[in-house]
K.L.:
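Would you mind keeping the following structure in view while I ask a few things?
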Amino acid sequence: MSTETTQVRERGPLAPDFDPMGDDYYRDPARHFADVRGDSPTFFFPYLNAWIVTRRADAEMILPDWQKFSSASNAGLITVPEKHAETMPAELISRILVGSDPQGHTIARRVAQKAFLQPRMDALQPEIEARAHRIIDRIEADGGGNLMDAYCLELTTQTLMALMDLSAELEPMMRQLRDDFFQVLASAQEPLPEPRRTEVWDRYVAAQLVLRDIVRERRESAADDLISVMARDKGRDGNYSLSEAQIALHLGEFSAAGTDTTAQAMANAVIFLTENPAVLENAKADGLWQRVFDETVRRRPSSTFASRRANVDVTIGGADIKAGDMIWIALSAVNTDPEYYDRPFEFDIHREDPRDHLAFTKGRHTCLGQPLARVQGSTGLHVLYERLPSLRPAKDWGLDFIRMALLPVRRSLDVEWDVAAAAPQHAVELPADPAATLELRVSECRQESEGVLSLTLEDPAGAPLPAWTPGSHIDVHVGGFVRQYSLCTPGGNQEAWRVGVLKEEAGRGGSRAIHETVRAGGTVTVSQPRNNFVLQPAGRYVFIAGGIGITPILAMVEQAEREGAEWTLVYGGRSRSTMAFLDELEGYGDRVRFVPEDTDGRVDFGAYLAEVRPDTLIYCCGPEPLLNVVEKASSHWPSGSLHVERFVAKDIDTTGDVAFEVEFVDSGVTLTVPADKSILEVAEAAGLPALSSCNEGTCGTCETPVISGRPDHRDSILTDDEKESSESMFICVSRSQGGCPLKLAL
């Protein structure tokens, strides 16, 4: 036995049948691990001189601990060809986000995070949906083709180009950059042979130089595209946070991670859904596409490994790992660990916590773009099966991958569908950048009742406005005030927006400014629509509105009517003269019950909601006393039956508030939140990338993921189930329970 072989075998255990370049692995990585790892949850893989970790508990220990398990080798071992060493020095390459540790990683992530916040990604959903329909418009008559190129990558690439605000002529470069980046990154761990190495690096560096020029041009841009947001960001010293070369480097990462991984997930979902037709029918019937997406990436993560370098001697899964050794965490294996999951290989979209997986890793290297991936993946699948319900993989669809062990890239998935069964699609207008404000013309001001003024808003040039759905609201900027108002355009009209504004004499001045200064023919600045009060599918609805709370309910009633659902509405106000939009509602006959308090008194909601009605959701909007009564009267209904929206914040008792610590994990800082300040105020004072609007827990802008801790939820948005799960919190009002520390992804 040779010395080299002896050294390798001394580093066992081994898994001799493990083959990350073979068909079994590419067909189903998780099952391949289950077949080959035997009794060794951690084994040595000589080909890459690395340890493979397959157990969930071990992955949970490794991924967050950057001091013991460094990401630096993911980029630090990349060898730059000599001809490009000056343009792409090793020090620059080492700053790739997936290959760096704090503090460099923290600074770069903070700059980029601003463009990937959840509210911004949620606002993208109508645009993604519109693009998906347009793509299918072009291919539905074909009856089949390569789904990866024709739909999945087309959709994700178009979205990325829009996020970066790049011109169409750069699209071929960005598509190629995606593949080239993956090969450059993988070269840190596995060889990139010639002449492919030279070809890849020449294209990669050429694209980097183009992107650097674009960054330079946008240094002073006030636009909200991803490149401008990163280019203009400055530190406390007044200097730019990142160099043009580093921003271009990260844009190369985003060109890959922001397109390929989500595209692969959509293609993998098609395979899983075809193998599980009952799941597919369930997803179609109940709209469970977000669960389909998360179960897909649990069962088969698009990136199959996360790698780290051990900085200490450690024993993991029975294997003795030395400082300096490379560790590969097999994400497909840890996501199907039988010690952690029941029925790990079953494709089950009804798991108790669909996001309980490590496909997006964990800790500081949790995928920056996961909010975009989830919105885009679920929307892309929804539209795909809505338009092509008979979609299925073609016979002998094959395993067409760029075969890299660390980062395999699917190149094609041949599919087919019945053209006659394809669902037609009405024309969809592509919305504008959801982060940008709009200057709209006030086409009509109308007095709807005593104290309520409606504004109808249109694009001055007659262009279509961004799509909206019942429950959506917009920010209206007038006289230095920013206030949120629900959209209630008659007939669900997408060509104009209407809002109803109650003049609140005892308010803070925003509604008075609108009533006193806004006139037909003038202009107002507004935001893109946001929806924190989504009308969920149901067979029956009970709608309850008080006063100006009729505005979101008005749009919901119209949608329920269009969809043929059963519904009733109880609409109350101080007097009939103060109740807006009566003429529109009277056309629904006795399904609407008008309750002016001065003549009819108050509704006995205890009696009205005493009987629990099957397949029924309650939607309520109005003043706080009404919401409190309805919440109490419906408390015996199933969890999730009641949905409320508050136009003003809840009354919050702050007398027991105490100071507590918050670790802002992405920014790498821990701060103390005093008893008299909010998390948002402390974050903003420290220069962290926190976004806000209402500052009272009603608009949804400051939603922040919770990593650990027990939030004291004080917002008016989250449902009881969402508060119980504590996946996120609204940091403008919510605090910590009992002063315990919190960890937040900011």
Side-chain angles (χ1 to χ4, degrees), residues 74-75 78 84 87-88 92-93 95-100 108-109 111-113 115-116 121 124 128 131 148-149 152-188 192 199-218 225-231 242-266 302-303 360 365 367-373 375-377 380 402 404 406-411:
N74 291 336
I78 295 174
H84 298 302
T87 306
M88 298 293 299
L92 174 62
I93 286 289
R95 297 187 181 186
I96 289 174
L97 281 171
V98 296
S100 59
R109 187 182 177 99
V111 174
Q113 182 74 63
F116 288 99
M121 297 300 99
L124 267 178
I128 294 169
R131 291 182 185 278
M148 283 295 293
D149 276 349
C152 301
L153 284 170
E154 183 70 17
L155 177 60
T156 58
T157 300
Q158 285 189 20
T159 301
L160 183 78
M161 297 294 288
L163 275 175
M164 294 187 181
D165 191 20
L166 295 176
S167 57
E169 60 265 22
L170 291 177
E171 188 169 321
M173 181 193 80
M174 297 302 291
R175 288 177 181 271
Q176 185 62 58
L177 180 58
R178 172 189 70 223
D179 290 351
D180 290 340
F181 171 78
F182 277 132
Q183 295 189 74
V184 166
L185 182 61
S187 71
L192 185 58
E199 294 168 353
V200 166
W201 273 98
D202 285 352
R203 289 193 303 260
Y204 177 72
V205 172
Q208 287 290 300
L209 294 175
V210 171
L211 291 172
R212 290 180 193 179
D213 287 341
I214 295 172
V215 173
R216 190 174 302 114
E217 293 169 358
R218 299 190 192 179
D225 62 273
L226 172 60
I227 299 178
S228 296
V229 167
M230 297 184 70
L242 302 176
S243 69
E244 290 152 9
Q246 186 172 349
I247 294 173
L249 181 79
H250 299 321
L251 296 177
E253 290 185 79
F254 301 152
S255 73
T259 57
D260 181 78
T261 52
T262 304
Q264 288 197 53
M266 286 191 283
S302 298
S303 296
F360 296 113
H365 284 280
C367 177
L368 183 73
Q370 65 170 301
L372 173 60
V375 170
Q376 185 158 229
I402 297 177
M404 297 179 288
L406 181 63
L407 294 166
V409 177
R410 185 189 295 277
R411 300 310 303 268

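Keep in mind that this is a model prediction, so the values were computed, not measured. FYI, side chains are in, hydrogens and waters are out, and symmetry mates aren't considered; it's all heavy atoms of this structure.
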K.L.:
How far does OG1 of Thr157 sit from CG of Leu166, to the nearest 0.5 angstrom?
P.N.:
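One finds 11.5 Å between OG1 of Thr157 and CG of Leu166.
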
K.L.:
Looking only at non-hydrogen atoms, find the nearest pair between Ala263 and Met148 and report the distance.
P.N.:
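In this case the closest contact between Ala263 and Met148 is O-SD, 3.7 Å.
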
K.L.:
Can you confirm whether Asp225 sits close enough to Arg218 that some side-chain heavy atom of one is under 4.5 Å from a side-chain heavy atom of the other?
P.N.:
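Yes, their side chains come closer than 4.5 Å.
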
K.L.:
State, yes or no, whether a side-chain contact exists between Asp202 and His84 at a heavy-atom distance under 4.5 Å.
P.N.:
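Side chain of Asp202 against side chain of His84, heavy atoms only: contact under 4.5 Å found.
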
K.L.:
Do Ser302 and Thr262 make a side-chain contact, defined as non-hydrogen atoms from C-beta onward lying under 4.5 Å apart?
P.N.:
no

K.L.:
What distance do Met88 atom CE and Gln208 atom CD have between them, rounded to the nearest 0.5 Å?
P.N.:
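Rounded to the nearest 0.5 Å, the CE-CD separation comes to 4.5 Å.
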
K.L.:
How about Thr259 and Thr159: do any of their side-chain heavy atoms sit closer than 4.5 Å?
P.N.:
no

K.L.:
Rounded to the nearest 0.5 Å, what separation is found between the CG atom of Leu192 and the CD1 atom of Ile78?
P.N.:
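Reported value, rounded in 0.5 Å steps: 10.5 Å.
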
K.L.:
For Leu249 and Leu92, work out which heavy atoms get closest and say how close.
P.N.:
CD2-O, 3.3 Å

K.L.:
Apply side-chain contact (heavy atoms from CB on, under 4.5 Å) to Leu170 and Ile214, showing your working.
P.N.:
CA-CA 11 Å; Leu170 291 177; Ile214 295 172; 3.6 Å; yes

K.L.:
Does Arg212 have any salt bridge (charged side-chain N to carboxylate O under 4.0 Å, His left out) partners at least two apart in sequence or in another chain, and if so, which?
P.N.:
none

K.L.:
Rounded to the nearest 0.5 Å, how far apart are CZ of Phe360 and OG1 of Thr261?
P.N.:
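Between Phe360 CZ and Thr261 OG1, I get 7.5 Å after rounding to 0.5 Å.
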
K.L.:
Give, for atom CZ of Phe254 and atom CE of Met174, the distance between the pair rounded to the nearest 0.5 Å.
P.N.:
10.5 Å

K.L.:
Rounded to the nearest 0.5 Å, how far does CZ of Arg175 lie from OG of Ser255?
P.N.:
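Answer for the OG-CZ pair, Ser255 versus Arg175, is 12.0 Å.
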
K.L.:
Using the side-chain contact (heavy atoms from CB on, under 4.5 Å) criterion, which residues pair with Glu244? Sequence neighbours excluded.
P.N.:
Val215, Arg216, Arg219

K.L.:
Compare every heavy atom of Pro172 with every heavy atom of Glu169, then report the nearest pair and how far apart it is.
P.N.:
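So the minimum-distance heavy-atom pair works out to O-CD, 3.5 Å.
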
K.L.:
Got Met173 and Leu211 here, is their nearest side-chain heavy-atom distance under 4.5 Å?
P.N.:
yes

K.L.:
Decide yes or no for Leu153 and Arg178: does some side-chain heavy atom of the first lie under 4.5 Å from some side-chain heavy atom of the second?
P.N.:
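Side-chain contact under 4.5 Å: yes.
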
K.L.:
Say whether Asp260 and Gln264, considering side chains only, have a donor N or O and an acceptor N or O under 3.5 Å apart.
P.N.:
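Present: a donor and an acceptor within the cut-off.
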
K.L.:
Which atom names give the shortest non-hydrogen contact between Asp180 and Tyr204, and what distance separates them?
P.N.:
OD2-N, 4.1 Å

K.L.:
Using a 4.5 Å cut-off on heavy atoms from C-beta on, say whether the side chain of Met266 contacts that of Leu155.
P.N.:
yes

K.L.:
Does any non-hydrogen side-chain atom of Met230 lie less than 4.5 Å from one of Ile227?
P.N.:
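No, too far: nothing below the 4.5 Å cut-off.
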
